[in-house]
Amino acid sequence: MKKEVSQKYRIPIEVLDEYESWGLCNVVKYVMGEWQYDDQDLERLSTIMALHDVGFNNEEVKEYMHLLLETSDSKEEIIALLNNKRKKKLQQIHLQEKQLERIDYLKFKMKELKEK
């Protein structure tokens, strides 16, 4: 079933393995040596993939998912995690913008030298 879920929903096997190892699939049925995923599991797996896509590492994903499954009291902690990740991404973007400006400056200087 894992291979079929991976292919059908384009979820890497590694993500499925993470999901299982983190104990997030406690409602999933374990049949004949494999996990049987339901719609709720697929939704959680989609969230995991989205978190990976935006740059969360495995430990951050695990923390996020456990908070998500705990109680409604964890919503503020989840928002804090998301805000922290957003802040880091913005810092990376600003750094990359500065790097692009430096590249443009160097190109400008090279054009000046070429014209002399």
Side-chain angles (χ1 to χ4, degrees):
M1 178 78 176
K2 188 187 295 188
K3 187 175 181 180
E4 290 85 11
V5 169
S6 175
Q7 291 172 346
K8 182 175 181 180
Y9 297 101
R10 296 183 180 175
I11 301 171
I13 293 288
E14 296 80 24
V15 171
L16 295 173
D17 290 340
E18 286 173 5
Y19 184 66
E20 293 170 5
S21 72
W22 294 339
L24 298 175
C25 48
N26 53 359
V27 296
V28 180
K29 296 176 186 167
Y30 195 69
V31 179
M32 297 185 66
E34 290 197 14
W35 294 106
Q36 303 296 312
Y37 300 94
D38 64 14
D39 290 341
Q40 189 176 33
D41 293 306
L42 295 174
E43 187 175 321
R44 289 178 188 155
L45 288 163
S46 176
T47 300
I48 290 170
M49 291 176 53
L51 292 169
H52 279 298
D53 286 347
V54 299
F56 277 63
N57 64 37
N58 286 350
E59 285 305 309
E60 292 168 327
V61 171
K62 183 178 179 180
E63 179 183 5
Y64 182 101
M65 293 304 296
H66 279 288
L67 286 170
L68 183 66
L69 298 175
E70 281 179 2
T71 65
S72 60
D73 296 341
S74 62
K75 287 181 184 176
E76 287 185 25
E77 290 180 69
I78 291 171
I79 290 171
L81 283 174
L82 293 170
N83 284 336
N84 187 38
K85 183 57 72 177
R86 186 177 193 284
K87 181 179 176 183
K88 288 179 182 178
K89 288 292 177 188
L90 281 173
Q91 290 171 343
Q92 290 173 344
I93 289 169
H94 293 309
L95 174 63
Q96 290 175 339
E97 286 174 338
K98 287 180 183 179
Q99 291 171 335
L100 286 173
E101 288 173 6
R102 289 182 186 139
I103 290 170
D104 290 342
Y105 173 76
L106 292 170
K107 284 175 51 181
F108 171 78
K109 292 302 276 181
M110 291 307 297
K111 285 181 184 178
E112 274 187 343
L113 288 174
K114 189 176 178 182
E115 292 172 1
K116 288 183 181 182

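- The closest side-chain heavy-atom distance from N58 to H52 is below 4.5 Å.
- For residues 79-93, every residue pair satisfying the salt bridge (Lys or Arg N to Asp or Glu O under 4.0 Å) rule, not counting sequence neighbours, is listed here: E60-K85.
- Using a 4.5 Å heavy-atom cutoff, the side chains of S6 and L16 are in contact.
- Comment: E101 does not engage K98 in a salt bridge, judged by the lack of any side-chain N to carboxylate O separation of less than 4.0 angstrom.
- Proximity of a side-chain donor or acceptor of S21 to a complementary backbone N or O of D17 within less than 3.5 Å is detected.
- More than 12 heavy atoms of other residues, nucleotides or ligands shown are found within 6.0 angstrom of CD on Q91.
- Annotation: side-chain contact (heavy atoms from CB on, under 4.5 Å) contacts of E43 (sequence neighbours excluded): none.
- In this structure, the side-chain contact (heavy atoms from CB on, under 4.5 Å) partners of L51, at least two apart in sequence or on a different chain, are T47, F56, V61, Y64, M65.
- For the 3.5 Å distance criterion, the side chains of H94 and Q99 fail to qualify, holding no donor opposite an acceptor.
- K75 is not listed as a side-chain neighbour of L68, based on a closest heavy-atom distance of 4.5 Å or more.
- Remark: D53 CG to I48 CD1 distance equals 12.0 Å, nearest 0.5 Å.
- Contact check for K3 versus Q7: side-chain heavy atoms found under the 4.5 Å cut-off.
- Taking CD of E77 as the start and CD of E63 as the end, the distance is 7.5 Å to the nearest 0.5 Å.
- Looking at heavy atoms from C-beta onward, L106 lies out of side-chain contact with M110 at the 4.5 angstrom threshold.
- In this structure, D39 places its CG atom where only 12 or fewer heavy-atom neighbours from other residues, nucleotides or ligands lie under 6.0 Å away.
- In this structure the side chain of Y9 never reaches within 4.5 angstrom of the side chain of L45, judged on heavy atoms.
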